Amino acid sequence: MGLMRYSTGAALAAFLLAGSAYGQTAPAPGAVAGAPNPAAEVAPAPHTATQPQFQLADGIVATVNDQIITGFDLRQRMLMLIASAQVQPTEENLPAIQQAALNNLIEDRLKAQEMTKFKQLTVTAADVDEEIADMARRAGATPADYMHFLQEGGINPDAFRENLRIEIGWQRLTGGRFGSRARASTLQIDQEIRRLNEAAAQPQYLLGEIYIEAARVGGQQAALNGARQLVQQIIQGAPFQAVAQQFSSAPSASSRVPGDAGWVIKASLQPPLQAALDQLQPGQLSNPIPVEGGVYILYLRDKRDGASTSLASLKQVMVELPEAATEAQITAATRTLEAMRQGLTCDSILSTARTTQGVTGADLGESDIANLAPQFQQFARTSEVGAISTPIRTPLGLHLVALCGRRVGGPEAPSRQQVENRLRGQNLSVLERRYLRDIRNDALIEFK
């Protein structure tokens with residue numbers, strides 16, 4: 001199902017925190033909408049190092065370009081996946097876990113074979129030791145205790161180290177190969193900032209996501225069955241982030257916080273996802289949601305009507321009119337402004353005002369939309385940047401307003417650097433997945 005990533009070690013560190021004296025398990029997300037969820041109220045019982053009970057033959061399971069995968073290899077990868085995702089193996093979910101582990105092993109073989117083409121790419125034992133030490137430190141353990149705990153869970157140290165070696169090397173390979181191509185262009189950054197700003201006042205959801213790609217798991221029905229099992233595991237206590245990291249095919253699976261899709265605009269989502277979110281309250285998990293090409297599981301962390309602060313840059317021209325102006329005066333002022341309105345832009349509005357008798361112009365600067373005069377708020381929230389309003393009546397007179405900029409303000413507003421970093425991560429994830437897909441399409445893979 002999902003690709004076992006370089007951050008497997010971080011997930012195993014979380015497993016140690018959850019399942020040993022080094023820490024305690026955090027509560028799971030809330031239940032599926034409409035269903036009671038004991039796991040939302042009581043933290044699940046800590047995991048132990050007891051080996052899951054399942055048997056696999058030790059023969060050859062598959063070959064990847066004549067390189068074999070054995071039953072031992074498959075069992076080891078299943079144990080790693082179970083530990084890092086913190087799922088409890090059951091008769092119902094073992095086939096999905098086995099399929100995910102086999103996919104991971106196949107892709108590991110392909111990655112290792114591809115890495116041999118680059119002679120300058122080396123991963124030393126010291127590199128692996130450093131990564132294990134970092135994982136142990138995050139788990140509050142020594143490297144020796146960390147490895148001992150994994151061994152007690154049935155994970156072979158050599159198999160674990162080889163998995164880390166491949167993932168360290170693959171990250172270096174793809175980072176070096178695609179790093180420059182993954183950089184977001186100035187245009188791409190500007191477009192994303194514009195999109196965020198235009199969405200500032202729209203309903204938004206803070207989402208966790210897991211996407212099961214049908215093509216990777218044997219079809220849409222297999223994806224749906226697997227998603228149902230994952231929902232049950234999460235409700236029973238498996239951490240959403242750990243499950244997303246190991247099973248999700250969404251780009252967010254490899255983000256700093258696995259499965260974190262951030263604040264998402266309702267209107268940008270596919271209709272089935274919008275419909276599902278309408279039924280959820282913050283803290284609840286969705287049922288599996290079939291879409292074209294796969295199945296989603298959504299975790300609604302929070303929702304809001306719009307950003308807490310939305311800033312607009314405005315300019316205006318005005319014909320002064322008293323509140324007791326006659327209908328004839330209002331009609332004349334309207335005629336003047338409508339004649340001006342044709343061809344006005346943010347750049348020309350003030351200079352045009354200076355050359356038009358009876359009209360004054362002003363740059364209103366940037367203001368929180370919530371603090372604007374009520375007559376201006378709707379225009380500032382919903383119009384496109386660069387738009388010129390129709391005449392707006394206030395107690396001071398009749399106005400034409402130009403919306404010259406809009407952006408999200410407040411602490412939740414991302415900086416340009418944050419937007420650039422996020423886009424680079426998304427671009428790199430897409431390039432990496434395409435690279436691995438092409439390698440897999442060219443490979444000879446046989447199942448025994």
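Because the structure is predicted, anything quoted here is derived from the model rather than measured.
Between E114 and K111 there is no salt bridge, since none of the side-chain N atoms of the basic residue sits less than 4.0 Å from a carboxylate O of the acidic one. Residues D158 and R161 are not paired through a salt bridge, judged by the lack of any N-O separation under 4.0 Å between the basic side chain and the carboxylate.
The structure places CZ of R172 at 15.0 Å from CZ of F118, a figure rounded to the nearest 0.5 Å. Expressed to the nearest 0.5 Å, how far CG of L403 lies from OG of S313 amounts to 8.0 Å. Rounding to the nearest 0.5 Å places CD of E107 at 5.5 Å from CZ of R440. In this structure, the separation between CD1 on I68 and CG on L105 is 12.0 Å, given to the nearest 0.5 Å. Here the CD1 atom belonging to I210 is positioned 11.0 Å from the CD1 atom belonging to I289, to the nearest 0.5 angstrom. Expressed to the nearest 0.5 Å, how far CD of Q241 lies from OG of S252 amounts to 10.5 Å.
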Give the intermediate values and the outcome of side chain to side chain donor-acceptor pair (under 3.5 Å) for residues Q88 and Q236. CA-CA 9 Å; Q88 295 295 329; Q236 292 167 14; over 6 Å; no
Step-by-step side chain to side chain donor-acceptor pair (under 3.5 Å) determination, Q229 to N225: CA-CA 6 Å; Q229 289 296 322; N225 293 341; over 6 Å; no
Hey, mind stepping through R228 and N287 against side-chain contact (heavy atoms from CB on, under 4.5 Å) and telling me if it holds? CA-CA 7 Å; R228 287 171 178 153; N287 280 306; over 6 Å; no
side-chain contact (heavy atoms from CB on, under 4.5 Å) between V243 and I297: does it pass, once the steps are laid out? CA-CA 11 Å; V243 174; I297 302 167; over 6 Å; no
Can you check side-chain contact (heavy atoms from CB on, under 4.5 Å) on L372 and L314, steps first, answer last? CA-CA 10 Å; L372 294 174; L314 302 175; 3.7 Å; yes
Evaluation steps, side chain to side chain donor-acceptor pair (under 3.5 Å), between D127 and T124: CA-CA 5 Å; D127 292 328; T124 66; 3.2 Å; yes
I'd like to know whether N421 forms a side chain to side chain donor-acceptor pair (under 3.5 Å) with Q417, so could you lay out the CA-CA distance, the side-chain angles of the two residues, the decisive distance to 0.1 Å, and finally the verdict. CA-CA 6 Å; N421 291 342; Q417 186 62 53; 2.9 Å; yes
Hey, mind stepping through M147 and T142 against side-chain contact (heavy atoms from CB on, under 4.5 Å) and telling me if it holds? CA-CA 9 Å; M147 296 304 293; T142 67; over 6 Å; no
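Within 6.0 Å of the CD atom in E130, the count of heavy atoms belonging to other residues, nucleotides or ligands does not exceed 12. When the shell of 6.0 Å around CZ of R183 is examined, it contains 12 or fewer heavy atoms from other residues, nucleotides or ligands. The local environment of CG in D438 is crowded, with over 12 non-hydrogen atoms from other residues, nucleotides or ligands closer than 6.0 Å.
In this structure the side chain of F178 never reaches within 4.5 angstrom of the side chain of N427, judged on heavy atoms. In this structure, V61 and Q98 have side chains that are not in contact, with every pair of non-hydrogen atoms separated by 4.5 Å or more. Under the 4.5 Å side-chain criterion, counting only non-hydrogen atoms from C-beta, Q113 is not in contact with I439. Using a 4.5 Å heavy-atom cutoff, the side chains of S249 and R433 are in contact. Side-chain contact between R137 and D134: present, with at least one pair of heavy atoms (C-beta onward) separated by less than 4.5 Å. Residues Q281 and L300 fail the side-chain proximity criterion, which asks for heavy atoms closer than 4.5 Å. Residues Y435 and L173 meet the side-chain proximity criterion, which asks for heavy atoms closer than 4.5 Å. Contact of the L164 side chain with the M135 side chain is registered, since non-hydrogen atoms from C-beta on lie closer than 4.5 Å.
Smallest separation of non-hydrogen atoms from F379 and A387: CZ-O, 3.5 Å. I97 approaches P89 most closely through the heavy-atom pair CD1-CA, 4.4 Å.
Put simply, the side chain of Q245 never gets that close to the backbone of G259: no donor and acceptor are under 3.5 Å apart. Between the side chain of Q274 and the backbone N or O of L269 there is at least one donor-acceptor pair closer than 3.5 Å. A donor-acceptor pair under 3.5 Å links the side-chain atoms of Q76 to the main chain of N156, judged by distance alone. R77 places no side-chain N or O within 3.5 Å of a backbone atom of A100 that could act as its donor or acceptor partner. Under the 3.5 Å distance criterion, the side-chain polar atoms of R341 are matched with a main-chain donor or acceptor of I388. Of the possible donor and acceptor atoms, none in the side chain of K315 sits under 3.5 Å from a partner among the backbone N and O of A402. Within the 3.5 Å criterion, the main-chain N or O of D260 finds no donor-acceptor partner in the side chain of E209. Within the 3.5 Å criterion, the main-chain N or O of S383 finds a donor-acceptor partner in the side chain of R406.
One side chain, T70 or D73, offers a donor N or O that lies under 3.5 Å from an acceptor on the other.
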